[in-house]
Amino acid sequence: MIQLIHRLNQPWELVETGKAYWIGYTDDMYSIAHYKNQAIPALVNFIDTAKNKNARLGGLLTLHLIGINSKIAGRFVEDFSNKNARLALLRYLDDKSLHSTVVSLLMRDPWLSDLPSLMDYLSKPGRDYSKVLNALQRYEFDEKPLRQKITDTIFDRTFSIKTPINPDETDVNICALIKFQKELAPHLIVDKEITQTSKWKNYLTKDFPESPSVQMLSFEFLVFSNSAFLYSGFNSYFFDYKYSNHKVEIIGPIKARQTWLDWWSKLPKKDKGKFYSFVHLPIDERFKKN
């Protein structure tokens with residue numbers, strides 16, 4: 001087993017799967033994962049001591065493969081079932097070179113027990129919080145401080161959204177939010193963190209041509225497509241929302257981070273207990289919308 005692990009020091013490439021949401025684990029990774037829990041301490045030691053970033057990444061992906069019991073499921077279903085592998089992944093949450101990969105692997109199958117580690121990461125100064133904030137949109141539980149279930153039917157509407165020619169993700173989101181804020185006021189509020197950006201100010205008064213830059217978007221699609229659902233990456237333009245008293249407030253990353261931290265600091269100790277138990281959400285609950 002040790003020899004197999006050290007083969008990750010050699011150049012390797014993921015196997016092409018043809019699907020962005022499937023990881024093409026190598027034969028060596030599968031062979032190592034066959035040892036399951038027995039391989040985890042050795043993989044952790046390998047990641048801690050390896051000098052090659054690609055080697056460390058290989059060790060991390062192998063931990064993930066052990067976590068899913070070497071079983072690749074469907075597009076929207078991944079059952080991470082190994083607690084020890086989960087703890088090993090969380091060990092590298094604050095590792096700059098591995099952070100993005102760690103978060104992307106965790107969010108493929110969110111566990112409530114990730115929350116204490118994610119809140120601890122958000123509480124530290126000078127970090128890149130974008131990946132964690134993206135991922136947190138996929139963690140569902142009743143008292144979640146953001147992304148509450150929207151019940152008002154006024155938001156069940158679709159509008160024609162004008163955008164620049166060949167728009168990127170940011171262009172579409174900003175143009176859509178400007179349109180929705182106008183049409184859904186006073187039920188929709190967009191925070192200054194977003195409205196003070198240069199693109200917002202520029203697009204607010206811009207009259208884009210009718211064609212070929214018109215898209216039909218619903219509010220539901222906008223907030224869902226921005227929820228980091230896909231496994232293949234993070235959203236480059238982040239926003240989140242709070243819903244209460246028949247109003248939706250769209251917020252940016254600074255306010256989203258502070259909202260999470262305020263919620264966590266005020267949460268009674270007895271209520272925090274469930275986030276320390278290693279029980280992940282039932283698959284049917286997590287993916288029933290999709």
Item checked: Side-chain heavy atoms of Lys149 within contact of Tyr243, under 4.5 Å -> no
Checklist line | Counterpart residues, side-chain contact (heavy atoms from CB on, under 4.5 Å), relative to Thr259 (two or more places apart) | finding: Pro145, Leu146, Lys242, Ile251, Lys255
Item checked: Straight-line distance of Ser123 OG to Tyr129 OH, nearest 0.5 Å -> 8.0 Å
Item checked: Pair listing, side-chain hydrogen bond (donor to acceptor under 3.5 Å, both in side chains) test, anchored in residues 4-15, at least two apart -> Arg7-Asp28
Next item on the list: Give, for atom NZ of Lys131 and atom OH of Tyr121, the distance between the pair rounded to the nearest 0.5 Å.
Entry: 8.5 Å
Check: Arg138 side chain to Pro110 main-chain N or O, any donor-acceptor pair under 3.5 Å?
Finding: no
Item checked: Straight-line distance of Gln3 CD to Ile32 CD1, nearest 0.5 Å -> 11.5 Å
Check: Does the cation-pi check pass for Arg108 over Phe80, that is, NZ or CZ under 6.0 Å from the six-membered ring centre and within 45° of its axis?
Finding: no
Notebook entry, point to check: According to the side-chain hydrogen bond (donor to acceptor under 3.5 Å, both in side chains) rule, which pairs have a member within residues 53-73, sequence neighbours left out?
Noted result: Tyr25-His64, Arg56-Asp95, Arg56-Ser97, His64-Glu78
Notebook entry, point to check: Given Lys199 and Asp168, is the salt bridge (charged side-chain N to carboxylate O under 4.0 Å, His left out) satisfied, shown in steps?
Noted result: CA-CA 12 Å; Lys199 275 198 172 185; Asp168 60 21; 3.7 Å; yes
Check: With a 4.5 Å limit on heavy-atom distance, are the side chains of Leu136 and Leu122 in contact?
Finding: yes
Next item on the list: For the pair Lys247 (side chain) and Ile189 (backbone), establish whether a donor and an acceptor sit closer than 3.5 Å, ignoring hydrogens and angles.
Entry: no
Next item on the list: Not counting sequence neighbours, which residues clear side-chain contact (heavy atoms from CB on, under 4.5 Å) with Lys272? List them please.
Entry: Trp264, Leu267, Tyr276
Check: Which residues pass the side-chain contact (heavy atoms from CB on, under 4.5 Å) test with Asn202, sequence neighbours left out?
Finding: Lys206
Notebook entry, point to check: Would a line drawn from the ring center of Trp263 to the ring center of Phe141 be shorter than 6.0 Å?
Noted result: yes
Check: Looking at residues at least two apart in the chain, or sitting in another chain, which of them share a ring pair (Phe, Tyr, Trp, His ring centres under 6.0 Å) with Tyr203?
Finding: Phe208
Note to self: With a 4.5 Å cut-off on side-chain heavy atoms, are Asp152 and His187 touching?
What the structure shows: no
Note to self: Is the shortest side-chain heavy-atom distance between Arg157 and Leu184 below 4.5 Å?
What the structure shows: yes
Notebook entry, point to check: Quick one: does Arg127's side chain have a donor or acceptor within less than 3.5 Å of a partner on Pro125's backbone?
Noted result: yes
Notebook entry, point to check: How long is the span from the CG atom in Asn166 to the CG atom in Asp171, to the nearest 0.5 Å?
Noted result: 10.0 Å
Notebook entry, point to check: Do the side chains of Ile250 and Phe180 get nearer than 4.5 Å, heavy atoms only?
Noted result: no
Notebook entry, point to check: Hey, does Pro164 have a side-chain heavy atom less than 4.5 Å from the side chain of Cys175?
Noted result: yes
Check: Quick one: does Ile40's side chain get under 4.5 Å of Asn37's, heavy atoms only?
Finding: yes
Check: What do you reckon, is CD1 of Ile254 surrounded by more than 12 foreign heavy atoms closer than 6.0 Å?
Finding: no
Margin query: With a 3.5 Å distance limit and no angle check, can you tell me whether Asp120 reaches the backbone of Pro116 through a side-chain donor-acceptor pair?
Written below: no
Notebook entry, point to check: Does some side-chain heavy atom of Leu61 sit less than 4.5 Å from a side-chain heavy atom of Leu14?
Noted result: yes
Notebook entry, point to check: So, Asp114 and Arg86, do they make that salt bridge, N to O below 4.0 Å?
Noted result: yes
Notebook entry, point to check: Between the main-chain N or O of Val190 and the side-chain N or O of Tyr241, is there a donor-acceptor pair closer than 3.5 Å?
Noted result: no
